[in-house]
**Student:** 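I'd like to ask you about the structure that follows.
The sequence lines fix the lettering, A, B, ..., with proteins before strands; numbering per chain opens at 1.
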Amino acid sequence: MAAAAGEAAGGGGGSPSSARRRLRIISGHLRGSPRAPGRGALSPSPCKAQGGSAGPASGSIPKKRQELLKWNGWGYNDSKFIFNKKGQAEFTGKRYRLGGMVLPTFKEWIEKTFGASLEHKTTSRASLNVNDVPPSIVNEEFLQDLRATKISYSQDAEDRVFRAHGHCLHEIFVLREGMFKRIPDIVVWPVCHEDVVKIVELACKHNLCIIPFGGGTSVSSALECPEEEKRMIISLDTSQMNRILWIDEKNLTACVEAGIVGQDLEKQLAESGFCTGHEPDSMEFSSLGGWVATRASGMKKNIYGNIEDLVIHIKMVTPRGIVEKNCQVPRMSTGPDIHHFIMGSEGTLGVVTEVTIKIRPVPEYQKYGSVVFPNFERGVACLREVAKQRCAPASIRLVDNAQFQFGHALKPQVASIFTSFLDGLKKFYITKFKGFDPNILCVATLLFEGDREKVLQHEKQVYDIATKFGGLAAGEDNGQRGYMLTFVIAYLRDLGLDYYVIGESFETSVPWDRVLDLCRNVKERIVRECKEKGVQFAPLSTCRVTQTYDAGACVYFYFAFNYRGISDPIHVYEQIERAAREEILANGGSLSHHHGVGKLRKRWMKESISDVGLGMLRSVKEYVDPNNIFGNKNLL
Amino acid sequence: MERSQLHVKSENIRQRAEAESFFLDHSSKQQKELTSKKRDEFEDILEERRLSSDLRYAMKCYTPVIYKGLSPCKPNAIKSAVLQSEQVQYVIKQLAKEMGESPDIIQEEATEILDEMGHRMQLGAVRFFAFTLSKIFKQLFQRVCVNEEGMQRLQHAIQEHPVVLLPSHRSYVDFLMLSYLLYTYDLALPVIAAGIGKYVFNNVFRIQRIDFLGMKIVGELLRRAGAFFMRRSFGGNRLYWAVFAEYVKTMLRSGYAPIEFFLEGTRSRTAKTLTPKFGLLSIVMEPFFKSEVFDTYLVPISISYERILEESLYAYELLGVPKPKESTSGLLKARRILSDNFGTIHIYVGQPVSLRTLASGRINRCPYNLVPRHLPQKPSEDIQEFVTDVAYKMELLQIENMVLSPWVLVAAVLLQNLPAMEFELLIEKTLWLKGLTQTFGGFIEWPDNLCAKKAVLSGLTLHSNIAGLVDGHVVLNDKGVEDGAVGEIVFRRALAVLMCATYRNQLLNVFVRPALVAVALQMAPSFRKEEVYSCFSFLRDVFSDEFIFFPGISLKDFEEGCFLLTKCDAIQTSQQEIYPTDKGSGAVSFLSAMFRPFVEGYQEMKEAFAEKQFIPAVRNFVFQLLEKGSTQCYEALSSDMQKNALSALVQLGAVKKKKMPNGFTYNVNQEAVSKILDMFDSLALF
């Protein structure tokens with residue numbers, strides 16, 4: 001039955017959605033009956049397309065990722081920032097709202113902010129040089145066994161390189177100018193839970209290393225292969241396990257295979273009128289399994305919760321066997337929650353194959369908004385008050401002045417004189433009439449969701465609070481653009497790389513009373529470190545408060561600088577990033593709010609969770625995976 | 001478990017060693033660059049004042065540069081911020097609960113405290129000061145010399161991060177002069193933590209302090225020029241402490257103005273740098289530890305006087321004779337002083353030291369993350385150690401840039417050749433000492449081309465109250481010797497010697513390491529390195545309150561001393577031995593003679609203590625010795641030395657200090673004292 005559901009979910013795109021929905025409901029009911037849950041592992045349910053080269057479901061991301069996605073940068077091949085013949089910035093493609101638009105002030109902003117010049121350009125290698133790729137270490141016996149399972153695999157250089165990295169700056173830099181020392185030796189594409197069980201069994205049998213791969217959007221060096229790994233490294237690409245197995249409308253849950261990427265999950269759920277509401281910034285590419293493995297957080301967590309709030313049931317294949325709970329309940333008191341060993345395990349314990357996740361009806365009404373504050377301090381105070389009154393909208397974010405100006409620079413050319421006149425009027429009102437200093441003011445962007453009536457009510461409440469902190473409503477448009485930027489901002493780094501500008505983002509969580517101090521000190525530290533390391537032009541060092549909680553907030557930093565004149569920019573960059581992280585920790589911030597630890601932040605784990613804490617995690621790893629089959633060396 | 005503890009311990013030791021090596025970096029560098037050290041040029045700020053209108057100067061457009069993150073606020077806004085702060089409110093609530101009183105009453109009390117200490121900086125008062133001080137300073141001083149580069153560095157520092165000014169303290173002129181200086185250079189006027197010393201807190205010594213608030217008009221004016229006041233002793237008063245600390249921190253965090261206070265806590269009566277006090281320093285460091293500011297600059301400032309305004313007052317004070325209470329009318333009477341000449345002042349504004357840099361790799365700020373920041377927290381041992389180290393480091397930096405006038409050299413030579421010295425010999429010796437001082441890295445301000453004779457003469461003219469030229473001989477000026485009782489003669493003489501010693505003392509900071517090696521050489525039974533070192537370390541411990549030593553680096557100090565002595569060819573070292581050279585015997589004996597007053601003085605005091613005689617009994621004891629003529633060590637009469645000696649004995653465990661309801665009592669450990677005496681006795685041989 002599950003297979004049927006899977007087929008329906010992944011199958012032909014043209015069938016009427018009502019029929020599919022009904023089918024899923026039926027299957028959901030069946031699975032929801034007391035006999036069914038948690039027995040999957042004992043009575044292997046038939047896997048739909050065993051080893052077939054044609055995937056079971058066609059998600060947005062193809063098996064050959066390089067056909068759609070950049071091999072040496074972020075996102076889709078057809079979407080990127082360029083400077084057109086007139087020297088104006090433009091965003092190509094039609095996938096985003098910004099697509100095809102000219103951004104008249106962007107060039108000036110880049111020049112002013114980074115001291116970069118369009119004349120000084122670096123160029124990435126045009127394509128992957130297959131000869132540079134390290135040869136594949138092959139365990140022939142394993143290969144024979146694998147062939148017998150009919151699971152799809154590839155030893156192609158491109159496929160392997162594509163899965164050798166995430167999206168840290170140094171990884172992209174290596175792609176553009178060098179080559180990784182160690183990459184996976186083989187890529188396998190299981191299509192269902194049983195395939196994963198087989199692969200893990202084989203890996204144990206032949207003592208090989210498995211590195212699970214979901215969406216490949218990691219920014220913690222989690223996907224990098226340990227250089228010293230001598231065993232054959234299997235990249236276990238979950239992308240073909242992307243079906244929604246069932247939907248349970250009574251309990252508002254859905255059981256989904258872990259390889260599904262965010263955009264497909266939401267798209268497919270929407271067909272039945274549901275959503276998960278989990279929208280990390282990487283949701284176009286990142287996978288459900290990846291979210292679980294890194295303890296992801298979504299933009300709209302205020303309504304829907306973070307991944308730990310959303311997950312009802314997890315099935316994970318480990319070298320010891322399968323770990324899962326025997327029921328699908330909202331909460332249980334059965335010792336420490338085993339889900340919390342799995343969430344954030346970063347691929348060190350096993351492969352998450354199926355997840356039951358909470359779903360909600362698609363909201364009736366959505367409204368963006370924005371508020372301008374005279375300064376960052378007032379803005380933070382307002383967010384704190386909103387959090388205190390527990391009336392945060394689906395999303396509320398506060399960007400500092402530098403990021404406000406950055407957003408401004410990405411404003412597309414206005415279509416009519418009338419809009420430009422209106423813009424001018426708005427600007428006049430805010431800066432001259434209200435006396436906001438354009439070099440100090442900051443902006444909060446808002447997203448409301450729910451019943452129309454409630455949204456409007458909610459909106460009023462939030463705007464009333466904002467007024468108390470000197471905030472001025474600044475329109476829906478600004479808000480919407482703010483959120484759109486979240487998705488395109490990742491593309492900007494690729495543009496910067498072409499002009500000697502390197503940059504990265506990083507995040508933390510911090511108690512409310514320390515938000516301002518942390519933001520100021522970390523930004524200052526970055527500036528100071530850049531100066532000390534010989535960076536000639538002052539860096540862009542900017543932050544935003546992206547999430548609010550009862551007891552604190554999540555803060556996101558962007559940091560970029562012009563590296564002309566520096567011989568080893570990546571090394572300098574890493575030193576500065578490290579200094580910034582130390583500053584965060586000294587200021588009472590966490591090691592990570594949602595990016596995870598990977599290998600990038602491992603060195604601080606001990607001080608973050610204490611010796612004993614680390615020992616606890618280690619002992620779990622030792623029990624679950626004594627031979628270190630899941631040997632990506634993350635976290636511990 | 002045990003092993004891990006051990007591990008932690010060894011880790012600590014390693015860290016400590018690293019920290020030390022970091023801190024010492026500067027002194028070892030110093031060793032290498034002693035003579036080649038580049039110091040900034042001085043500029044006389046009075047010169048312009050003598051040429052142009054004081055009134056126009058006072059009314060000039062005054063727009064000081066400010067901290068980049070400053071949100072402008074009035075003194076009153078700061079006060080209410082302090083009162084409303086979580087820190088103060090927390091203590092108020094605590095006290096209310098403990099004492100069963102209403103928080104309002106305690107809040108009222110807090111308001112009063114704040115009003116008592118708070119400053120009310122007003123531009124008008126500042127201008128008034130600018131005008132009058134111009135007049136007064138021009139009368140009193142020949143020149144006021146400042147290193148302009150230091151002022152420029154300070155200007156940058158003020159814009160970047162909160163700044164703490166740490167001047168040396170030799171005179172009340174210090175903070176007037178510093179504010180005047182900052183005004184002249186268009187910098188924000190500092191808020192000053194000055195003591196209200198009406199409490200005679202040490203009934204053993206009975207040193208009376210000037211009642212600062214008693215000087216009503218001047219006090220009020222000072223407040224308006226930005227001074228704020230703390231009580232010198234508020235021992236158990238938690239409310240006072242909370243309000244005061246929060247007041248200082250609020251001003252620091254907001255970058256409102258530079259904060260100024262004296263590490264030495266009070267004016268040094270002897271011109272030797274006093275051992276630092278840590279309370280205020282740890283307050284100003286806290287915002288950094290708690291990450292409330294990105295960094296804090298500590299700026300050591302060395303203010304050197306060619307002639308100290310209060311020189312005779314200090315001498316009286318040291319001899320335990322109550323000095324006239326300094327009231328406003330007293331100050332007016334001091335007009336007589338205005339006709340006097342006090343020579344040149346040198347102000348050297350040191351390189352701002354970044355607290356962040358000092359703390360990097362040494363202080364882990366994370367422990368502060370586990371407790372709300374407004375809760376009062378006892379600083380950890382690490383932190384206390386760090387604060388101590390920084391305090392000493394800053395004082396050593398002050399010392400490094402203290403300017404030594406030719407008169408200082410003259411005084412040092414003269415004191416070794418009492419009662420009279422041939423003028424020509426004095427010149428010759430002074431010149432020789434100049435060379436030695438420069439070898440040791442002393443910062444001598446000796447105008448180019450000024451011949452030695454003129455330099456000595458001008459020193460004698462300026463200090464005619466201390467010494468004078470009689471029949472080609474230079475003699476101490478102890479008038480009244482002829483026609484007094486024996487006691488009177490001793491007193492007069494002591495007064496002159498102590499005044500003279502005040503100037504010689506300025507040299508001691510530079511000389512102490514090599515000189516103690518020289519003394520140790522004479523103490524040690526052989527020239528074996530270990531034995532010399534063990535004597536050195538004994539002396540260093542004994543004199544730990546007398547001179548400034550960076551804590552815990554005895555060996556480094558020893559090596560530095562040896563290095564300097566080798567440099568001037570006074571000693572030679574081999575693998576195992578250190579021995580004086582023939583050529584250097586002059587230097588070695590000069591150095592030990594220079595410190596002899598301390599050695600002898602301590603010896604006498606220890607004898608006195610051994611007989612359970614404490615101050616002021618010690619004074620009588622020494623006085624009798626002097627009257628009998630069995631000692632010539634007048635400096636042993638100095639209450640400063642007596643106090644330091646006692647505290648050294650306490651630290652060495654020879655004397656136990658006990659707190660009693662009416663002060664302290666001391667118990668003598670006879671054995672330990674006699675052991676120390678034995679050590680000193682070995683010195684008596686030379």
**Student:** Please state whether the side chain, the backbone, both or neither of A/Glu607 comes within less than 4.5 Å of a heavy atom of chain B.
**Tutor:** side chain

**Student:** Taking the six-membered ring for Trp, are A/Phe559 and A/Tyr573 ring centroids under 6.0 Å apart?
**Tutor:** yes

**Student:** Side chain from CB out, backbone as N, CA, C, O: work out which of these in A/Arg525 comes under 4.5 Å of a heavy atom of chain B, or both, or neither.
**Tutor:** both

**Student:** Regarding B/Gln377 and B/Glu286, do their side chains bring together a donor and an acceptor under 3.5 Å, going by distance alone?
**Tutor:** no

**Student:** Is chain A contacted by the side chain of B/Asp295, its backbone, both, or neither, given a heavy-atom distance below 4.5 Å?
**Tutor:** side chain

**Student:** Is a salt bridge present between A/Asp517 and B/Lys290, judged by a nitrogen-to-oxygen distance below 4.0 Å?
**Tutor:** no

**Student:** Is a salt bridge present between A/Asp400 and A/Arg520, judged by a nitrogen-to-oxygen distance below 4.0 Å?
**Tutor:** no

